[in-house]
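First up is the structure itself, then whatever we jot down about it.
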Amino acid sequence: MSAIIIDGKAIANTVCQRVEKQVKEFKQQIGREPGLAVIQVGEDPASQIYVCNKRVRCRELGILSFALDLPANTTEADLLALVEKLNCDPQVDGILVQLPLPKQISADKIIRAIDPGKDVDGFHPYNMGSLFIGNPRLVPCTPLGIMELIYSTGVDIKGKKAVIVGRSNIVGKPITMLLLQEHATVTLCHSRTQDLAAECRTADILVVAVGQKFCVPGDWIKPQAIVIDVGMNRDESGLCGDVAFQQAKERAAFITPVPGGVGPTTIAMLMSNTLKAAQLREGRKQA
Ligand code: GUN
């Protein structure tokens, strides 16, 4: 029997409806909208699409969107000065610097400069560290979205074997922590893993975030697994994921499509994080 296709767009819309309602309540109580500043340096075409989608979603939900587009030759000092200015701007609750950055700018330095309370990407060492000690504050959006996709299946995560492929700071490491918090037994695999096929074949929950077209073939999928494909690979025929979808869906119980799986939920969780940052900031002020 073919897998159920997890509808990321529908799940994202449900999250956004909740955020929209809470944004209205926030505005009534506090007298202003939550604000998100999205900075893009240069003109990477994929980044331009992501950034545009983020700004459109903000406007749909009543979140103030500050668009800051800087030229590709921006210096690290200039970007640091902009981040500092936004850290102090009372209208700005969230600051997102779209990655990757041009090579003259250290992403690590920029991320460390963002006020952790405005770090809606959850990439600052304070937020990463909070997640790793089991006391999450602002958590990275893609892993948060993946958890929504897994929750939507109704499958109990506790005690399940989860296998993650890809050890990035944006996806692999934080999703490991979120699944651990839900009491899964988690294995984090990467390019040096000795027998990746054997690891994947043990996975009740398989999350693949590598960025290589079809690097997980269908026969690596454990029958009845949940498969989350984070890949976004462009080729002649359009977008495709990291998992060989057509074969994998014949073995899995649930699988995400590309596009229409993880992507929409990432943006929805960014909206949710912006609202959360605004609520935390105002709570602190009132206290
Ligand atoms: N580039 C790819 N994914 C992301 C993300 O989640 N946040 C930012 N800031 N840049 C990205």
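Atoms within each ligand, like the ligands themselves, are counted from 1 in listed order. Everything numeric here is computed off the predicted structure, so don't read it as measured data.
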Looking at atom 8 (C) of ligand 1, what's its closest protein heavy atom, distance included? D121 OD2, 3.4 Å
Number the atoms of ligand 1 from 1 as they appear, then name those within less than 4.0 Å of a heavy atom of L99, with their elements. 1 (N), 8 (C), 9 (N), 10 (N), 11 (C)
Looking at every non-hydrogen atom in both residues, tell me the closest pair between N273 and C141 and how far apart they are. ND2-SG, 3.7 Å
Between L96 and ligand 1, which part of the residue brings a heavy atom under 4.0 Å of the ligand: side chain, backbone, both or neither? side chain
Numbering as shown, the atoms of ligand 1 that approach Q98 to under 4.0 Å (heavy-atom distance): 1 (N), 9 (N), 10 (N), 11 (C)
Before you tell me yes or no, could you show the steps for Y50 and I267 under side chain to side chain contact (heavy atoms under 4.5 Å, CB included), namely the whole-Å CA-CA distance, both residues' side-chain angles and the distance that decides it to 0.1 Å? CA-CA 9 Å; Y50 298 144; I267 297 186; over 6 Å; no
Between D235 and K213, is the closest basic N to carboxylate O distance under 4.0 Å? yes
Which of the numbered atoms in ligand 1 are under 4.0 angstrom from any heavy atom belonging to V97? 8 (C), 9 (N)
Under 4.0 Å between a Lys/Arg side-chain N and an Asp/Glu carboxylate O for K109 and E76? yes
Among protein heavy atoms, which lies nearest atom 3 (N) of ligand 1, and at what distance? I170 CD1, 4.2 Å
Side chains of S106 and D108: donor-acceptor distance under 3.5 Å anywhere? no
Determine whether R167 and T176 satisfy the following criterion, side-chain hydrogen bond (donor to acceptor under 3.5 Å, both in side chains), listing intermediate values before the conclusion. CA-CA 9 Å; R167 56 176 152 179; T176 296; over 6 Å; no
Heavy-atom gap F123 to ligand 1 smaller than 4.0 Å: yes
